Amino acid sequence: MPRIRVADLLKSKGSSGPVKVSGWVRTLRAGKDVAFIALSDGSTLAPLQVVAESSLPGFAGICRIATGSAVTITGTLRESPAQGQPVELAADNVEVVGSADESYPLQKKRHTFEYLRTIAHLRPRSNTFGAVFRLRSSLAHAVHRFFEERRFLYVHTPIITASDCEGAGEMFRVTTLDPLVPPVIDGAVDFSSDFFAQPASLTVSGQLEGELFAQAFRDIYTFGPTFRAENSNTTRHASEFWMIEPEMAFADLIDDARLAEEFFRYLCRHVLENCAEDMAFFDSQIEKGLLERVRKVADSPFEMMEYSEAIRYLEKAPVPFQFPVSWGLDLQSEHERYITEQIVQGPVFLTNYPKEIKAFYMRQNDDNRTVAAMDLLVPKVGEIIGGSQREERLDLLTLKMNDSGVDTKALWWYLDSRRWGSTPHAGFGLGFERLIMYLTGMENIRDVIPFPRTPRHAEF
RNA sequence: UCCCUGUUAGCUCAGUCGGUAGAGCGGGUGGCUGUUAACCACCAUGUCCGUGGUUCGAGUCCGCGACAGGGAGCCA
């Protein structure tokens with residue numbers, strides 16, 4: 001008999017012949033004459049109800065099957081006489097494939113997310129984490145589909161990098177040197193005898209390499225793991241996370257924002273249409289009103305506002321802010337949320353930030369005081385996408401790198417991209433986990449990553 | 001890294017004025033029922049985070065430490 005999934009059984013009306021289904025026991029309710037097993041195989045949120053009559057051989061043993069056990073069941077699918085499920089499986093045979101005992105940590109009761117994090121190897125069997133990781137998988141496919149439909153080239157940028165200064169935070173060192181006795185010359189570690197014959201690290205961004213590919217394929221994107229060694233202990237930071245970074249040649253800031261809007265709304269629509277059952281679960285169990293919030297973003301056009309204008313709104317704001325507001329200062333998340341939630345009441349691109357508060361690679365505007373940056377702010381979280389038009393003029397870029405203390409020698413190849421056939425180009429970055437949090441209502445990044453890495457935590 | 005709050009049964013928590021620990025859930029046993037957060041009865045379970053101190057006596061008060069969570073910063 002073919003292996004069939006719970007999701008497919010639940011979608012069918014009934015079976016003409018016997019079927020075989022396998023999964024893990026969520027709960028078992030045993031009575032004298034009949035026992036009910038709620039069976040789940042991760043294919044869908046709802047479990048399959050298996051009915052075992054007392055006439056089955058080994059009925060007494062079936063009644064003792066504990067939560068968490070792996071079982072294979074053959075039987076006939078039929079309409080369920082009781083409310084709660086359209087169909088159920090009348091069992092002919094129940095085989096325990098892998099038993100579980102009463103010490104199984106994931107019992108049929110509510111657990112806190114904090115506790116479930118300590119059993120990250122088991123939590124995907126729970127309702128919430130099943131839904132989160134089904135959505136995460138589906139969303140990843142949707143990201144690729146979006147770019148493939150638009151003929152963006154998917155480029156695998158390196159995970160190990162020797163550029164010490166990508167300008168995006170602390171990096172994890174990659175080395176094969178013996179930490180107890182590193183080779184030392186003149187009081188400093190001699191990296192010439194290290195594996196790469198120079199200091200190497202895990203990447204903090206694929207953008208710089210992405211730009212190089214954009215200068216050959218026009219439209220490209222990266223989607224891969226990213227590493228930050230920052231000692232950040234918050235609900236939205238992880239040491240290892242996934243980032244999506246498209247880059248377009250012959251494109252300006254407006255093209256960039258247009259792509260970001262199309263992309264973001266595409267992904268909202270995707271989960272509404274393709275993860276409907278899980279989204280309904282998030283809406284009822286995780287964040288009331290989630291569906292309405294996501295639908296609104298999927299349906300309404302995004303606004304655009306200059307940084308300077310945002311500052312004027314903030315200066316006039318009738319609410320107190322913890323951090324000061326004035327032109328030239330970076331916006332705190334309280335400011336971003338005020339703009340998107342109170343002023344615009346929807347998604348908004350903030351553009352043209354003061355050059356001092358933005359990265360060296362952003363294109364200088366003609367006013368000489370701002371750069372062509374754009375951040376997409378959305379209600380509830382604030383900034384979710386950050387992007388810019390890149391500085392394509394060699395002289396200005398070199399100047400900017402020197403001013404920012406970026407090593408122009410180490411990034412010779414990056415500067416070369418401006419030396420021959422340079423083009424106006426733009427791109428943005430989106431943290432995949434933050435997107436998942438936005439779309440599910442989950443409030444801790446550690447609960448949308450299968451096995452999260454954060455300071456002091458690399459278990460599993 | 002800074003600030004705040006925690007750490008008591010497998011899980012979630014209560015524990016009054018300092019007097020040697022409780023509940024719910026989960027688990028076990030039995031009963032009952034086409035059940036579905038099942039229901040009913042009974043039963044069992046503790047390094048009260050560690051450490052030092054105050055005290056006749058510390059889960060409770062004080063110091064130190066560890067760990068966790070939340071907030072901030074950094075950022076995606």
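Residue numbers start from 1 in every chain, and the chains themselves are labelled A, B, ... in the order their sequence lines are given, proteins ahead of strands. All figures in this text were calculated on a predicted structure; none of them were measured in a lab.
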Is there a side-chain contact between [X] and the phosphate of [N], meaning an N or O under 4.0 Å from OP1 or OP2?
X	N	result
A/S103	B/rG10	no
A/Q322	B/rA72	no
A/H111	B/rG26	no
A/K109	B/rG10	no
A/Q107	B/rG27	yes
A/R236	B/rG73	no
A/N233	B/rA72	no
A/R446	B/rG69	yes

Residue whose closest nucleotide on RNA chain B lies nearer the 5' end, A/T67 versus A/Q49: A/T67
Residue mapping more 5' on RNA chain B - nearest nucleotide basis, A/V34 or A/N231: A/N231
Report the base-pairing partner of [N] (Watson-Crick or G-U wobble, both distances below 3.5 angstrom), or none.
N	answer
B/rC39	B/rG31
B/rG69	B/rC4
B/rG50	B/rC64
B/rG22	B/rC13
B/rC74	none

Integer-rounded Å distance: [N] [atom2] and [X] [atom1]:
X	N	atom1	atom2	answer
A/R110	B/rC13	CZ	C1'	16 Å
A/K108	B/rC39	NZ	P	9 Å
A/R29	B/rG27	CZ	P	12 Å
A/F323	B/rC3	CZ	P	15 Å
A/R117	B/rU7	CZ	P	18 Å
A/D33	B/rG31	CG	P	13 Å
A/E102	B/rA44	CD	P	17 Å
A/Y115	B/rG26	OH	P	14 Å

Checking all strands, does [X] fall into the base, sugar-phosphate, or nothing category for heavy-atom contacts under 4.0 angstrom?
X	answer
A/A66	nothing
A/A35	nothing
A/I445	base
A/A82	base
A/E433	nothing

Ring-ring centroid check [X] [Y], cutoff 6.0 Å:
X	Y	answer
A/F263	A/Y221	no
A/Y313	A/Y338	no
A/F129	A/F113	yes

Does [X] contact [N] through a side-chain donor or acceptor facing the base, at a distance under 3.5 Å?
X	N	answer
A/E230	B/rU1	no
A/K32	B/rC32	no
A/E443	B/rG70	no
A/R64	B/rG30	no
A/S232	B/rC75	no
A/H237	B/rC75	yes

task: Using the ring of A/F146 (Phe, Tyr or Trp, six-membered ring only), decide whether A/R150 places NZ or CZ under 6.0 Å from its centre and within 45 degrees of its axis.
output: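 The answer is yes; both the distance and angle limits are met.
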- prompt: Taking the six-membered ring of A/Y438, is the NZ or CZ of A/R293 close enough (under 6.0 Å from the centre) and on axis enough (within 45°)?
  reply: yes
For atom [atom1], what is the distance between [N] and [M], given to the nearest Å?
N	M	atom1	value
B/rG63	B/rG26	C1'	38 Å
B/rC13	B/rG18	C1'	22 Å
B/rU55	B/rA9	C1'	29 Å
B/rC17	B/rC75	C1'	49 Å
B/rC25	B/rC61	C1'	33 Å
B/rU12	B/rA68	C1'	16 Å
B/rU47	B/rG59	P	14 Å
B/rU29	B/rA37	C1'	22 Å

Side chains of A/S80 and A/Q85, donor plus acceptor under 3.5 Å: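 Indeed, the side chains of A/S80 and A/Q85 share at least one donor-acceptor pair under 3.5 Å.
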query: Using a distance-only test with no angle check, is there a side-chain donor-acceptor pair under 3.5 angstrom linking A/T128 and A/Q285?
result: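 Per modelled atom types, A/T128 and A/Q285 side chains form no pair under 3.5 Å.
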Validation row: A/H335, A/Q332 side chains within 4.5 angstrom (heavy atoms):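 Yes, at least one pair of side-chain atoms sits under 4.5 Å.
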- request: Using a 90° cut-off around 0 for syn, call B/rU12 syn or anti.
  value: anti
- prompt: Which atom names give the shortest non-hydrogen contact between A/S22 and A/L39, and what distance separates them?
  reply: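 Closest approach of A/S22 to A/L39, heavy atoms only: C-CD2, 4.3 Å.
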Closest nucleotide among B/rG71, B/rC67, B/rG73 to the A/T235 side chain: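 Shortest atom-to-atom distance from the side chain points to B/rG71.
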